Amino acid sequence: MTAFSGRDGTYEIAAGALKARAEFFADDTLRLQASPDGVLADPPGSRMIQHRPTPQRGTRSFDAGTYYGVRAKGTVLRVYKKPLRFGLYKADNRTPIWQEADPLRWTGGGLRQSLARGADEQFFGGGEQNGSFSHRDQVMNVGNNTNWNEGGWNNSQPFYVSSAGYGVFRNTMTPGVYDFGPRVRTGQQERRLDAYYFTGDVKSVIGKYTSLVGKPFMPPVYGLEPGDSDCYLHNANRGERHTLDALKVADGYTQNQMPLGWMLVNDGYGCGYENLAETGQGLNAHNAQLGLWTQDGLDKLADQVKAGQRVAKLDVAWVGNGYGFALDGCDKAKAGIEDNSDARGFVWLPVSWAGAQRCGVLWSGDQKLSWDYIRWQIPTYAGATLSGIAYNTGDVGSIYGHDPKMYARDLQWKAFLPAIMTMDGWSSDLTTKKPHDQQPWLDGEPYTSINRKYLQLKERLIPYMYGLSKEATKTGVGAVRPLSLEYPDDPNTLGANAKYEFLAGPDFLVAPVYSDTEVRDGIYLPKGTWTDYWTGKTYQGPTTVNGYKAPLDTLPLFVRGGSIVPMWPKGTLSWQTRDKGELDYDIYPQTGKSSYTLYEDDGVTRQFAQGASATQKVQVHTAGRASVIQVGPSVGSYSGKPATRAYRFTVHAKSAPGVVTAGGERLRHYGSAQELAAAGQGWFYDAATGVTEVKTASIATSRGFAVTLG
């Protein structure tokens, strides 16, 4: 070091020609820049950073002999004098958060930072890393990449988070390599260091990172319904067709009682469209929205949106080398929908960069079908959440191959991803080698019924997923989570078994079947009580379940004790045709108190951003066999909010209650579910499942009430 100076949160450092700068921000974020030629600047043309953080001016520096220290709100930055190195410590200035093991190293076209690794330190992030979510002892690449298979990194981001209590975003548009071996070495292909360091646990780091580059967007409610895509106009794969033929496929969804939220009607290189407005109107009649794919730009978007387009899918053909070009395309596509309609932008893209979570669903590309394809996608999407990517997904059943059993298994678990899409018109049957479209009813029974079961369950769970989407806009944390995110003190959540399962929100544990078997072994359940969603059997974690019976129609699925899950009524096929006069809650009582806050808005417009929304708090108090469900009033308003609604509670409490009351009124006990369904209100206990079902009369949403099972 040859110079050190600064105040009010900004400090300048020199080592000969090298210049460095440390800036401190109010949320205890540190920006550290360094350049061997002394030029400190933002990456050219970058629009990654959306919200400049507020400076933290209340810092002070001190000379500790071998280093200069800068004391910030919750951290101390050490700037070692000889050789020049950096280290970030907790407020006690004794506990390292991260510490450079060697000085920054520069080559002709890049840099490398070397850090000491903690004995048990774990590393996550990097955006979408196909096949993994935990990177200790691994080399992680970030950059433009179109390897859609295991080991690829097409939607990677120059960000990682450490269990040591920090994360770092490299403010760059260049590729990088991050080696998380015994000595952590991270570098980019540029002669500059520009890094934002965030401190805190993994969730808070994700929140700070996404506050910088953009929080996940709030999708329209139809974006959480299944999508379908194909090329219809003169499709070389499927013979002469026209855009309006897409409506025949929409007919199939309706006739087979399968939800459909949107369709891309021109998904294919060189595939245009005709009769656009008429096609859009026809899809609307099936409660679906019109989507369009683009291979050459966004110049037609305004007219297409005015004609009914509400979904846009971008492609590698014109986002080129990705990075800023892909990010700009995503921002512009979202804005193009919103500038020409009252809808929320809903964009899909397969190549992106840091910040894409603010504008799009990241899609893992053109994959081939195999059991391995199902396996490695599980940690991929869970791991992407650790970079603030709330919507990451892949084609149901892949794009090029089709097998009825693999398709059904793939659809089962992807029903617990917020966004899913079936890609049709490109695949061939793996056995016959003949062309095979991929709508979920085409394989016949038993596959049609199995696929319908999970698509209808996905539809019923939209209120739960929608609430997680709203949460992500605030916290940056999406719905699909590795177990380690919710149970960071449990080392088994980083083990081989937990790698191939995930949490959908905090409440559902999903353990997909990813081989040709009807028995699932190695299902790890962390601490707490877990209830088998299908049988009602309970397990006390931590434990590993082997020999779980999982015939083709059964996805291993468990619900956390204390969960309160909002659901639309049975048989719901669309957000537009759902019965607004009923709301269901699936409840898993545990001793003590648990709570859930329902979030609602109109689902499609951007009025929620101006406060047009409502919340309703539900609390469950359980002591012994007795449970009290306290439903608060719905607070707030939005267009279409129901003034009254009935409630149906399914309470997984094993034993039958003696008395059930609602609003202080004793409810009638019925002997069967059919009798209860025909009644206005009452309750029924199913001895086979241990579930008590309670149905209330219609109640004003402005009123709170209590249901007691005693």
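If you're wondering where the values come from, they're calculated on a predicted model, not measured in any experiment. Sequential numbering from 1 along the given sequence is applied to the chain's residues.
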Could you check whether Ser627 and Thr622, counting side-chain N and O atoms only, form a donor-acceptor pair closer than 3.5 Å?
yes

Go through the side-chain N and O atoms of Gln367 and Ser364 and say whether any donor and acceptor fall under 3.5 Å apart.
yes

Can you check whether Ala419's main-chain N or O pairs, donor with acceptor, with Thr393's side chain at less than 3.5 Å?
yes

Closer than 3.5 angstrom, by distance alone: can the side chain of Arg409 be matched with the main-chain N or O of Met406 as a donor-acceptor pair?
no

Between Asp437 and His402, is any side-chain donor less than 3.5 angstrom from a side-chain acceptor?
no

Can Arg560 and Glu486 be counted as an ion pair, charged N to O under 4.0 angstrom?
no

Strictly by modelled atom types, are Gln540 and Lys527 linked by a side-chain donor-acceptor pair under 3.5 Å?
no

Check: Tyr638 ring centre within less than 6.0 Å of Phe608 ring centre:
no

Is there a side-chain contact between Tyr407 and Leu369 (heavy atoms, below 4.5 Å)?
no

Any residue meeting salt bridge (Lys or Arg N to Asp or Glu O under 4.0 Å) with Glu600, in chain and number order, not counting sequence neighbours:
Arg645

Is there a side-chain hydrogen bond (donor to acceptor under 3.5 Å, both in side chains) between Thr254 and His286 once you walk through the steps?
CA-CA 7 Å; Thr254 300; His286 288 284; 2.7 Å; yes

Would you tell me whether Tyr548 and Asp532 have side-chain atoms, one donor and one acceptor, within less than 3.5 Å of each other?
yes

Glu459/Lys453 salt bridge by N-O under 4.0 Å criterion:
no

May I ask you to check whether Tyr539 and Phe558 place their ring centers less than 6.0 Å from one another?
yes

When the aromatic ring centroids of Trp262 and Trp348 are compared, is their separation below 6.0 Å?
yes

Gln590 versus Ser594, side-chain donor and acceptor atoms under 3.5 Å:
no

Say whether Asp251 and Tyr253, considering side chains only, have a donor N or O and an acceptor N or O under 3.5 Å apart.
no

For Tyr524, enumerate each residue passing the ring-ring contact (aromatic ring centres under 6.0 Å, His included) test, keeping only those at least two apart in sequence or located in another chain.
none

Kindly confirm or rule out a cation-pi arrangement of Lys695 over Trp683, judged by NZ or CZ under 6.0 Å from the six-membered ring centre and within 45° of its axis?
no

Reference residue Asp601; test salt bridge (Lys or Arg N to Asp or Glu O under 4.0 Å); the match among Lys641, Arg344, Lys470, Arg606
Arg344

Under 3.5 Å, is there a donor on one side chain and an acceptor on the other for Gln681 and Thr696?
no

Carboxylate-amine/guanidinium contact Glu518 Lys549, below 4.0 Å:
no

What is the ring orientation for Tyr222 with Trp575, classed by angle as parallel under 30°, tilted 30 to 60°, or perpendicular over 60°?
tilted

Side chains of Tyr464 and Asp507 only: does a donor on one sit below 3.5 Å from an acceptor on the other?
yes

Scan side-chain atoms only and decide if Asp602 and Ser639 contain a donor-acceptor pair under the 3.5 Å cut-off.
no

Just wondering, more than 12 heavy atoms not from Lys654 lying within 6.0 Å of its NZ?
yes

With a 3.5 Å cut-off and no angle check, do the side chains of Asn392 and Glu128 form a donor-acceptor pair?
yes

Please check if any side-chain donor atom of Tyr500 sits under 3.5 Å from a side-chain acceptor atom of Arg375, or the reverse.
yes

